[in-house]
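Below: the structure, in structure tokens.
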Amino acid sequence: MALDEASKARMMAHMNKDHTFELKQYLRAFNGVSAFAARDAQLTDMTLDTLTVRSASGTHTVAVSPPMKTAMDARVRLVDMAKTAQQKLGVSDIQISAFTLPRGAGIVSFTGVTLYFVAAATLGLVQPDTEAWRLLDAVFPYGAEGYRWLVKAIFIPVLAIHVTEAWWMSRTRLEKHGIDVGSKLWLLWVANAFLEGLPAMMRFDGLVDTEKKKRESAKH
């Protein structure tokens with residue numbers, strides 16, 4: 001028995017509107033497509049035993065296992081496939097599609113780290129017999145020489161720490177919750193993790209917790 005056209009059109013429209021996250025996971029888990037190649041996934045056709053999914057890397061056929069017997073099986077089968085894919089990939093079923101600005105301690109951290117990198121980038125302007133040198137001699141505890149030494153001395157440790165935090169944010173949170181590497185949203189979160197560190201991760205975790213609570217509330 002084949003899927004009737006009306007049921008197929010309805011299911012495809014629903015998947016393409018609300019479940020592109022899961023379509024990408026099908027490609028990655030069952031067809032071995034990379035996360036980058038699975039971008040822009042769209043369901044273009046389906047039968048009782050296959051899904052035809054077009055992505056950034058071309059058109060792929062994903063096996064429905066076990067095959068559906070009727071259109072009535074589609075919801076349960078596709079949900080089961082999504083759960084299996086998530087387990088294989090080690091990702092969450094919660095997708096985050098928003099970015100929030102720093103607040104509280106995050107603003108302090110963001111501002112402090114940004115000012116440090118501005119100081120490092122403009123260090124060449126701090127030379128003897130310049131206004132910058134005279135100002136630092138007057139206001140910095142160790143004078144202009146001490147300022148230059150300090151900015152240079154901590155550059156590598158500060159850079160290493162913040163690069164690691166940005167990498168950790170992407171690896172443990174962004175990819176897990178469906179944010180594509182290289183996307184605008186990924187860049188915003190990675191940049192903020194680089195400049196904020198832990199507060200950015202805590203803010204992201206708060207979004208995940210909010211989504212979990214919404215799901216729990218919807219069950220009651």
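Both backbone and side-chain heavy atoms feed into the values below; hydrogens, waters and symmetry mates do not.
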Between the main-chain N or O of [Y] and the side-chain N or O of [X], is there a donor-acceptor pair closer than 3.5 Å?
{"X": "R173", "Y": "F204", "value": "no"}
{"X": "D180", "Y": "S183", "value": "no"}
{"X": "K88", "Y": "A29", "value": "yes"}
{"X": "T130", "Y": "Q127", "value": "yes"}
{"X": "S109", "Y": "A105", "value": "no"}
{"X": "W168", "Y": "A193", "value": "no"}
{"X": "D4", "Y": "A6", "value": "yes"}
{"X": "T20", "Y": "N16", "value": "no"}

Interatomic distance, [X] atom [atom1] to [Y] atom [atom2] [nearest 0.5 angstrom]:
{"X": "D45", "Y": "T50", "atom1": "CG", "atom2": "OG1", "result": "7.0 Å"}
{"X": "L78", "Y": "H14", "atom1": "CG", "atom2": "NE2", "result": "9.0 Å"}
{"X": "Y116", "Y": "L195", "atom1": "OH", "atom2": "CG", "result": "13.0 Å"}
{"X": "L27", "Y": "R54", "atom1": "CG", "atom2": "CZ", "result": "11.5 Å"}
{"X": "M12", "Y": "L51", "atom1": "CE", "atom2": "CG", "result": "9.5 Å"}
{"X": "E196", "Y": "W189", "atom1": "CD", "atom2": "CH2", "result": "8.0 Å"}

Exercise. For D40, which residues count as a salt bridge (Lys or Arg N to Asp or Glu O under 4.0 Å) partner, sequence neighbours excluded?
Worked result: none
Problem set entry | salt bridge (Lys or Arg N to Asp or Glu O under 4.0 Å) against K214, all qualifying residues, sequence neighbours excluded | E211
Exercise. Does the pair K8/E5 count as a salt bridge with the N-to-O cut at 4.0 Å?
Worked result: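 Yes, charged N to carboxylate O under 4.0 Å.
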Problem set entry | Pair K83 + D93: basic N to acidic O under 4.0 Å | no
In chain order, what residues pass the ring-ring contact (aromatic ring centres under 6.0 Å, His included) check against [X], with sequence neighbours excluded?
{"X": "F36", "answer": "none"}
{"X": "Y142", "answer": "none"}
{"X": "F30", "answer": "none"}

Problem set entry | S170 and E175 side chains, donor-acceptor separation under 3.5 Å |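 Yes, S170 and E175 have a side-chain donor paired with an acceptor closer than 3.5 Å.
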Testing the basics here: between [X] and [Y], what is the closest heavy-atom pair and its distance to 0.1 Å?
{"X": "E22", "Y": "A82", "value": "CG-CB, 3.8 Å"}
{"X": "K24", "Y": "R39", "value": "CD-CA, 4.2 Å"}
{"X": "S92", "Y": "Q86", "value": "O-CG, 4.2 Å"}
{"X": "P102", "Y": "N192", "value": "CG-OD1, 3.4 Å"}
{"X": "A132", "Y": "L125", "value": "CB-O, 4.2 Å"}

In the hydrophobic cluster built from side-chain contacts under 4.5 Å, what are the other members alongside [X]?
{"X": "V79", "value": "none"}
{"X": "F21", "value": "none"}
{"X": "V118", "value": "none"}

Is it true that [X] and [Y] fall in one hydrophobic cluster, defined by side-chain heavy atoms closer than 4.5 Å?
{"X": "L187", "Y": "M169", "answer": "yes"}
{"X": "M72", "Y": "M11", "answer": "no"}
{"X": "L89", "Y": "Y26", "answer": "no"}
{"X": "L3", "Y": "V53", "answer": "yes"}
{"X": "V190", "Y": "F110", "answer": "no"}

Problem set entry | Derivation and outcome, side-chain hydrogen bond (donor to acceptor under 3.5 Å, both in side chains), residues D129 and W133 | CA-CA 7 Å; D129 299 321; W133 188 276; over 6 Å; no
Is there a side-chain contact between [X] and [Y] in this structure, where contact means two heavy atoms from C-beta onward sitting under 4.5 Å apart?
{"X": "M68", "Y": "D49", "value": "no"}
{"X": "P199", "Y": "R103", "value": "no"}
{"X": "I94", "Y": "I96", "value": "yes"}

Taking distance alone, no hydrogens or angles, what donor-acceptor pairs closer than 3.5 Å link side-chain atoms of residues 147-154 to residues at least two apart or in another chain?
{"residue": "R148", "atom": "NH1", "partner": "L123", "partner atom": "O", "Å": "3.1"}
{"residue": "R148", "atom": "NH1", "partner": "V126", "partner atom": "O", "Å": "2.9"}

Problem set entry | Under the side chain to side chain contact (heavy atoms under 4.5 Å, CB included) test, residues paired with L159 that sit two or more places apart |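 Scan of L159 (side chain to side chain contact (heavy atoms under 4.5 Å, CB included), adjacent residues dropped) gives F117, F155, V163, F194.
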Exercise. Can you list the residues that meet the side chain to side chain contact (heavy atoms under 4.5 Å, CB included) rule with T111, with sequence neighbours excluded?
Worked result: I107, L115
Please report, to 0.1 Å, the donor-acceptor pairs under 3.5 Å made by any side chain of residues 55-64, with sequence neighbours excluded.
{"residue": "S55", "atom": "OG", "partner": "A37", "partner atom": "O", "Å": "2.8"}
{"residue": "S55", "atom": "OG", "partner": "S57", "partner atom": "N", "Å": "3.2"}
{"residue": "S55", "atom": "OG", "partner": "S57", "partner atom": "OG", "Å": "3.1"}
{"residue": "S55", "atom": "OG", "partner": "H60", "partner atom": "NE2", "Å": "3.4"}
{"residue": "S57", "atom": "OG", "partner": "A37", "partner atom": "O", "Å": "3.1"}
{"residue": "S57", "atom": "OG", "partner": "H60", "partner atom": "NE2", "Å": "2.9"}

Problem set entry | Trace of the side-chain contact (heavy atoms from CB on, under 4.5 Å) decision for M81 with Q25 | CA-CA 9 Å; M81 286 178 64; Q25 292 176 341; over 6 Å; no
For this session: Test K213 against E216 for salt bridge (charged side-chain N to carboxylate O under 4.0 Å, His left out), laying out the working first.
Result: CA-CA 5 Å; K213 289 175 182 176; E216 289 299 319; over 6 Å; no
For this session: Could you tell me whether R134 atom CZ has more than 12 heavy atoms of other residues or ligands within 6.0 Å of it?
Result: yes
